[in-house]
Student: 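There's a structure below that I have some questions on.
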Amino acid sequence: MDTTPDRSIAIPVEALATVPAGCTMCAWHGAPAVRRAGFALQSRPALRTPRVGVLSTGIDRLAEHAERVKIAKIVDWPLCRRCVRTRRGWLSLAAVLFWGGLAAMAAAVVARIVLGEVTPVLGVPLLGGFVMALSSPAAFVASSLPRITRARTSTDGRFVQVTGADPRFVAEVRTLLGGS
C-alpha cells in the first residue's frame, strides 16, 4: 500500500477565480500565505505543422500556435514568506547583474576615453560587464511566479497543474473544489 501523500493537483481553469483566493497556505511549502499574486500561464500545445522549410512553414506554425494556445489568468495565488523572499532575491540578483554589467561596461568605455590609450586591462570590466548583463535573464526567469508556484497549464489549457505541492495545499484545494 502506497502511503506517500499526493503532491499534485489539477485545478480546472473555471475554478481559478475562487480556488486560489480561498487557499490559506503556500502551494510549495505549506506555510501560511503572507502575500497574494496574480499571473498568467500559457499552455504549450503540440503543433501538427511539420518543421520543413523556412518561411511558409514557420508562418503556418506561428498561426497554428496562436490558434491553439490558451491563457489561464490566475488571481490571488497564495505565497508564503519564503516564496516572497525567494522571488525578491532572484529579482534583486537580476537587477544587480543587469545594471552592474551595464555600469561595468560604461566604466570601461569612460576609462578608455579618459586614458586616451588602449589598455588590455580595460577588457576585463568590459567583458565581465557583458557577461553579467547577458546572464541577468537567467535570474529573472528563476524569479518567475510559475516557477516559484510550480504551476503549469495542461496542454489543452483546461487545467492548471501544480506538481510537487505540499500535501496540505493539495488537501485544501480538493476541499475547495468540493472533493474529498
Student: Ignoring hydrogens and angles, tell me if any N or O in the side chain of Thr163 forms a donor-acceptor pair with the backbone of Ser8 under 3.5 Å.
Tutor: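 Side chain of Thr163 to backbone of Ser8, a donor-acceptor pair under 3.5 Å: no, none is there.
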Student: So do Phe169 and His29 actually touch side chain to side chain, heavy atoms under 4.5 Å?
Tutor: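 SC-SC contact between His29 and Phe169 ruled out.
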Student: First locate atom CZ of Arg174, then atom CD1 of Ile11, and finally report the distance between them rounded to the nearest 0.5 Å.
Tutor: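 That separation rounds to 10.5 Å.
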Student: Out of curiosity, Lys70 NZ to Gln42 CD, how far, rounded to the nearest 0.5 Å?
Tutor: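 It is 11.5 Å, given to the nearest 0.5 Å.
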Student: Below 4.5 Å, heavy atoms only, C-beta onward: do Val75 and Pro20 meet side chain to side chain?
Tutor: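 They are not in side-chain contact.
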Student: Side-chain contact, heavy-atom cut-off 4.5 Å: Thr24 with Glu172?
Tutor: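 Yes. Closest side-chain heavy atoms under 4.5 Å.
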Student: For residues Glu14 and Val19, determine if any side-chain heavy atom of one lies less than 4.5 Å from a side-chain heavy atom of the other.
Tutor: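 No, their side chains stay 4.5 Å or more apart.
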Student: Would you say Phe140 and Leu93 are hydrophobically clustered, going by side-chain heavy atoms of ILVMFWY under 4.5 Å?
Tutor: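 No, it is not one cluster - the side chains of Phe140 and Leu93 are not joined through contacts under 4.5 Å.
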Student: Verify side-chain contact (heavy atoms from CB on, under 4.5 Å) between Leu176 and Cys23, making sure each step is shown before the conclusion.
Tutor: CA-CA 8 Å; Leu176 290 169; Cys23 290; 3.8 Å; yes
Student: About how many Å separate OG of Ser135 and CZ of Phe98, when rounded to the nearest 0.5 Å?
Tutor: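 Separation between the atoms: 11.5 Å.
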Student: Is a donor on one side and an acceptor on the other found under 3.5 Å between the side chain of Arg35 and the backbone of Leu79?
Tutor: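 No, because the side chain of Arg35 does not come within donor-acceptor range (under 3.5 Å) of the backbone of Leu79.
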Student: So if you build clusters from Ile, Leu, Val, Met, Phe, Trp, Tyr with side-chain heavy-atom gaps below 4.5 Å, do Leu145 and Val84 land together?
Tutor: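 Result: yes, single cluster for both.
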Student: Are Ile9 and Phe39 connected in the hydrophobic side-chain network, where two residues link if heavy atoms are under 4.5 Å apart?
Tutor: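 Yes: a chain of side-chain contacts under 4.5 Å links Ile9 to Phe39.
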Student: From the options Ile71, Val69, Asp156, Thr155, select the one residue that forms a side-chain contact (heavy atoms from CB on, under 4.5 Å) with Ser43.
Tutor: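 Exactly one pass, corresponding to Val69.
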Student: Could you pull out the closest heavy-atom pair between Ser136 and Ala94, with the gap in Å?
Tutor: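 That would be CB-O, 3.5 Å.
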Student: Are any non-hydrogen side-chain atoms of Arg36 and Trp77 less than 4.5 angstrom apart?
Tutor: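 No, too far: nothing below the 4.5 Å cut-off.
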Student: Flag the pair Val160 / Leu41 as yes when at least one side-chain heavy-atom distance between them is below 4.5 Å, and no otherwise.
Tutor: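 Answer yes - side chains close enough.
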Student: Stepwise, does the side-chain contact (heavy atoms from CB on, under 4.5 Å) test hold for Leu122 with Leu126?
Tutor: CA-CA 6 Å; Leu122 291 179; Leu126 189 65; over 6 Å; no
Student: Quick check for you: to the nearest 0.5 Å, what is the distance between Leu102 atom CG and Met132 atom CE?
Tutor: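 Atom-to-atom, Leu102:CG and Met132:CE are 9.0 Å apart.
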Student: Which atom names give the shortest non-hydrogen contact between Val13 and Ala72, and what distance separates them?
Tutor: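 Minimum heavy-atom separation between Val13 and Ala72: CG2-CB, 4.3 Å.
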Student: Do Gln161 side-chain atoms and Ala151 backbone N/O form a donor-acceptor pair below 3.5 Å?
Tutor: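 A pair under 3.5 Å: no.
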Student: Verify the neighbour count for atom CZ of Arg44: are there more than 12 heavy atoms of other residues, nucleotides or ligands below 6.0 Å?
Tutor: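 Result for CZ/Arg44: open.
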Student: Are the side chain of Arg87 and the backbone N or O of Ser143 linked by a donor-acceptor pair below 3.5 Å?
Tutor: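 Present.
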Student: Does any non-hydrogen side-chain atom of Leu115 lie less than 4.5 Å from one of Thr119?
Tutor: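 They are in contact (side-chain heavy atoms under 4.5 Å apart), so the answer is yes.
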Student: Closer than 3.5 angstrom, by distance alone: can the side chain of Arg7 be matched with the main-chain N or O of Pro167 as a donor-acceptor pair?
Tutor: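 No; zero donor-acceptor contacts below 3.5 Å.
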Student: Looking only at non-hydrogen atoms, find the nearest pair between Trp28 and Ile148 and report the distance.
Tutor: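 Here Trp28 and Ile148 meet closest at CE3-O, 3.1 Å.
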Student: Do Met25 and Pro78 have side chains that get closer than 4.5 Å, going by heavy atoms?
Tutor: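 Side-chain contact under 4.5 Å: no.
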Student: Could you pull out the closest heavy-atom pair between Pro125 and Ala104, with the gap in Å?
Tutor: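 Of all heavy-atom pairs spanning Pro125 and Ala104, the closest is O-CB, 3.6 Å.
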Student: Can you tell me if Arg147 has over 12 outside heavy atoms packed within less than 6.0 Å of its CZ?
Tutor: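 For Arg147, atom CZ is crowded (more than 12 foreign heavy atoms under 6.0 Å).
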Student: When you group the ILVMFWY residues by side-chain heavy-atom contacts below 4.5 Å and let the links chain together, are Val124 and Val110 in the same group?
Tutor: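 Val110 and Val124: separate clusters.
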